[in-house]
Visitor: 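Questions regarding the structure given below will be posed in turn.
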Amino acid sequence: MKKILNILFYILQLVLFVAAFALTLVVMIQMNRRLEKSFMTTINVFVPFGILLVLLMLNMIFNQKTVRDNILYNITSNLSFATIVIVALRAMFDNHLIISTLNSYHMDFNFFANFLPFLKIMLYGLCISNVLLMFHISQKNNDKGKKRKKSVQNS
């Protein structure tokens with residue numbers, strides 16, 4: 001059951017990652033268009049997305065089972081990406097937010113701008129935990145090493 005849940009959460013994680021990136025990109029492009037700023041001023045929002053993309057690709061290429069089979073990491077990343085998707089969708093489509101009805105873009109950029117520090121914290125936290133899990137030595141390998149040491153000492 002745990003293996004099936006890990007596979008489902010891992011696939012959902014990839015889908016939500018793409019959705020979170022795309023929706024963040026749409027909101028940031030609209031925000032920059034409204035403020036008449038260059039897109040390069042908000043590139044720091046997409047740095048953690050790029051780091052996570054590189055880490056996800058490394059996990060796929062090197063078949064990192066410690067990351068892929070960690071249910072806590074999978075659930076946490078799904079919750080983080082789902083939160084980003086919900087906040088972006090709410091900034092785009094919620095008509096009950098006052099500022100979204102006042103401007104011609106029908107988006108509440110202040111709502112999303114207030115969320116940006118938390119977005120970065122969540123994504124950098126996922127990056128750090130992914131790196132830590134990549135270099136985590138599994139308990140099974142430690143047990144095998146201890147058994148080998150005991151067998152060598154006994155002989």
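The first residue in the sequence is number 1, and the count goes up from there. Only a predicted model underlies this, so the values are computations on that prediction, with no experimental measurement involved.
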Visitor: Is there any ring-ring contact (aromatic ring centres under 6.0 Å, His included) pair reaching into residues 68-87, and which pairs are they, with sequence neighbours excluded?
Guide: Phe17-Phe81
Visitor: What heavy-atom pair brings Pro48 and Asn44 nearest, and what distance separates the two atoms?
Guide: CD-O, 3.5 Å
Visitor: Taking side-chain hydrogen bond (donor to acceptor under 3.5 Å, both in side chains) as the test, write out the residues that go with Thr42, two or more places apart.
Guide: Asn32
Visitor: Any side-chain heavy-atom pair from Met31 and Leu35 closer than 4.5 angstrom?
Guide: yes
Visitor: Taking transitive links into account, so neighbours of neighbours count too, which hydrophobic residues share a cluster with Ile86 at under 4.5 Å side-chain distance?
Guide: none
Visitor: Looking at residues at least two apart in the chain, or sitting in another chain, which of them share a side-chain contact (heavy atoms from CB on, under 4.5 Å) with Leu89?
Guide: Leu23, Val85, Phe93
Visitor: Under a 4.0 Å threshold between the charged nitrogen and the carboxylate oxygen, would Arg90 count as salt-bridged to Asp94?
Guide: yes
Visitor: A quick test of your reading: do over 12 heavy atoms of other residues, nucleotides or ligands sit less than 6.0 Å from NZ of Lys120?
Guide: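 Atom NZ in Lys120 is crowded, with more than 12 foreign heavy atoms closer than 6.0 Å.
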Visitor: For Arg33, what residues pass the side-chain hydrogen bond (donor to acceptor under 3.5 Å, both in side chains) criterion, not counting sequence neighbours?
Guide: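 With neighbours one apart ignored, the set is Gln30.
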Visitor: With clusters built from Ile, Leu, Val, Met, Phe, Trp and Tyr whose side-chain heavy atoms come within less than 4.5 Å, directly or transitively, what are the remaining members of the cluster of Ile4, listed by chain and number?
Guide: Leu8
Visitor: With sequence neighbours excluded, what pairs up with Leu79 under the side-chain contact (heavy atoms from CB on, under 4.5 Å) test?
Guide: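 Scan of Leu79 (side-chain contact (heavy atoms from CB on, under 4.5 Å), adjacent residues dropped) gives Ile75.
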Visitor: Using the side-chain contact (heavy atoms from CB on, under 4.5 Å) definition, which of the options Val26, Leu25, Thr24 pairs with Met28?
Guide: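 Output: one option passes, namely Thr24.
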Visitor: Mind checking what makes ring pair (Phe, Tyr, Trp, His ring centres under 6.0 Å) contact with Phe46, not counting sequence neighbours?
Guide: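 With sequence neighbours excluded, Phe46 shows a ring pair (Phe, Tyr, Trp, His ring centres under 6.0 Å) to Phe21, Phe39, given in chain and number order.
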Visitor: Using side-chain hydrogen bond (donor to acceptor under 3.5 Å, both in side chains) as the criterion, list what pairs up with Asn74, not counting sequence neighbours.
Guide: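 By the side-chain hydrogen bond (donor to acceptor under 3.5 Å, both in side chains) rule, Asn74 matches Asn6.
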Visitor: Show me, pair by pair, the donor-acceptor contacts under 3.5 angstrom made by side chains of residues 50-63, not counting sequence neighbours?
Guide:
unit_1, atom_1, unit_2, atom_2, d
Asn59, ND2, Leu55, O, 3.2
Asn59, ND2, Asn130, OD1, 3.1
Asn63, OD1, Arg68, NH1, 2.4

Visitor: In the hydrophobic clustering (ILVMFWY, side-chain contacts below 4.5 Å, transitive), which residues join Ile11, or is it alone?
Guide: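 Taking Ile, Leu, Val, Met, Phe, Trp and Tyr as members, Ile11 shares its hydrophobic cluster with Ile7.
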Visitor: Between Ile71 and Leu16, is there shared hydrophobic-cluster membership here, with clusters defined by ILVMFWY side-chain heavy atoms closer than 4.5 Å?
Guide: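 Cluster IDs for Ile71 and Leu16 differ.
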Visitor: With sequence neighbours left out, what residues match Phe115 under side-chain contact (heavy atoms from CB on, under 4.5 Å)?
Guide: Thr83, Ile84, Val87, Phe112, Phe118, Leu119, Met122
